Amino acid sequence: MQLPFIDLAAQQARIRPALDRAIAAVLDDGQYIMGPQVAQLERQLAEFCGAKHCLSCANGTDALQLALMALGIKAGDAVFVPSFTFAATAEVVPLVNATPVFVDVLPDTFNMDPESLKRAIAHAHEIGLRPACVIPVDLFGLPADYDALLPIARENGLKVIGDSAQGWGGVYKGRVTGSLCDITTTSFFPAKPLGCYGDGGAIFTDSDELAALLDSFRVHGKGSHKYVNERIGLNSRLDTLQAVILLEKLAIYADEIEERQKVAQRYSKGLAGSYETPHVPEGLTSIWAQYTLKMKSGAERDDFQARAKAAGVPTVVYYPIPLHQQIAYREFPRDPAGLAVSEDLAGRVVSLPMHAYLGSQVQDTIIATVKG
Ligand SMILES: Cc1ncc(COP(=O)(O)O)c(C=O)c1O
């Protein structure tokens, strides 16, 4: 037996005839870039999460960079990012000449720690940076604690970009991610809960002004006409083939999120008592981009992964090195109290296969295997 970590083939089998028709229609039509289906997708994505505007773009990293550009983040600005995340969250900050300042995460949700954010803001002032923006991440599909983070941001004059590359469609106290921050970004990388068959991303905002800026920045800083350039921008568009694929996947997304809840519940029921299972705070819904266990130690994790591998069950460590310890990022400032939780988690978390098509029988086998 060799199980997939994410079963994209099962999902494709479910929607293949619709995908074939949609792709053929684009080939017949020939509008490969910014065809009408791109605008249709943007309308439906905005509707799904309750945001006023959605602007698609080339990938989730560009989405973050475009958000920083639209907010006018620049040299001398401090942008607060968690250390326990994928590199893109921090990478875009130096790309706009600003400084990432690393913030620790909470041990139970793995999301940004509000107290650590406060310390990092004070530290930024001390070292002569201008606190300008915070990027909470909805890690592994679970929304960050926006009720705790947004007031800190407001008190300190920070703009808020929600990095929902892993969490778009999750629920925070009745609201869907995408509608909670000044700007929210997501990724349609194939392995994401809502993924296309290539690279893709999207940006959400309720602000007409930011939406107009984002629309300009994603097409070379265009003005009223595409050959009128008002600002330095990027070439970051979603192509029409990816848009039609996403339209078909969005049609089944709510159902898939439901299925992911069932998979996560079965894991937690089977594994609670043996390992520390994920914690979802009251009023929040994770979309389970990952189902991540905490082992007692790195040694226990090594055993766990070896046992799983021998039985054909893939496991992955997201993320083995927190960003503030990576070669590319270790010189940047951080919460002066240290980032002990990020370091601890990197040493002992492990993620199991997770997707909407994981049947209960296969899952029982996975659970029995990893319990040993
Ligand atoms: C938290 C986070 N932010 C940003 C990104 C970047 O998205 P992309 O790979 O589409 O550029 C990813 C995805 O890989 C991610 O997991």
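Computed from a prediction, not measured in an experiment: that's the story for all the values here. Numbering of ligands and ligand atoms starts at 1, following listing order.
- Residue Gln166 has at least one nitrogen or oxygen atom sitting less than 3.5 Å from a nitrogen or oxygen atom of ligand 1, judged on distance alone.
- Across Thr61, Asn59, Leu64, a single residue satisfies side-chain contact (heavy atoms from CB on, under 4.5 Å) together with Thr185, and that is Leu64.
- Ligand-side atoms of ligand 1 in range of Asn59: 10 (O), 11 (O), range being under 4.0 angstrom from any heavy atom.
- The nearest protein atom to atom 14 (O) of ligand 1, hydrogens excluded, is given as Lys192 NZ, 3.0 Å; this is a heavy-atom distance.
- With ligand atoms numbered from 1 in the order given, ligand 1 contributes 1 (C) to contacts under 4.0 Å with heavy atoms of Thr85.
- Nearest non-hydrogen protein atom to atom 1 (C) of ligand 1 is Asp163 OD2, 3.5 Å.
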Taking it one step at a time, do Val349 and Tyr319 satisfy side-chain contact (heavy atoms from CB on, under 4.5 Å)?
CA-CA 8 Å; Val349 292; Tyr319 295 93; over 6 Å; no
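- If you number the atoms of ligand 1 from 1 as listed, the ones under 4.0 Å from a heavy atom of Ala165 come out as 2 (C), 3 (N), 4 (C), 5 (C), 12 (C), 15 (C).
- In summary, Glu42 and Arg218 engage in a salt bridge, as defined by a charged side-chain N under 4.0 Å from a carboxylate O.
- Ser164 and Thr184 are not linked by any side-chain donor-acceptor pair at a separation below 3.5 angstrom, with hydrogens and angles left out of the test.
- In summary, Lys159 and Asp77 do not engage in a salt bridge, as defined by a charged side-chain N under 4.0 Å from a carboxylate O.
- Look at Asp255 and Arg14 and you find a salt bridge, because one of the NZ, NE, NH1 or NH2 atoms lies within 4.0 Å of a carboxylate O, short of that distance.
- Checking only distances, Gly60 does come within under 3.5 Å of ligand 1, N or O to N or O.
- The distance criterion of under 3.5 Å between nitrogen or oxygen atoms is met by Thr61 with respect to ligand 1.
- Counting atoms of ligand 1 from 1 in the listed order, those under 4.0 Å from a heavy atom of Phe86 are 2 (C), 5 (C), 12 (C), 13 (C), 14 (O), 15 (C), 16 (O).
- Between the side chains of Glu343 and His324, a donor-acceptor pair is found at a separation under 3.5 Å.
- Checking Ser187, Pro82, Pro190, Ala202 against atom 10 (O) of ligand 1, the nearest heavy atom belongs to Ser187.
- Checked by atom type, the side-chain pair Arg231/Asn229 shows no donor-acceptor distance below 3.5 Å.
- Shown in contact with Ala88 at under 4.0 Å from a heavy atom are these atoms of ligand 1, numbered in order with element: 4 (C), 5 (C), 6 (C).
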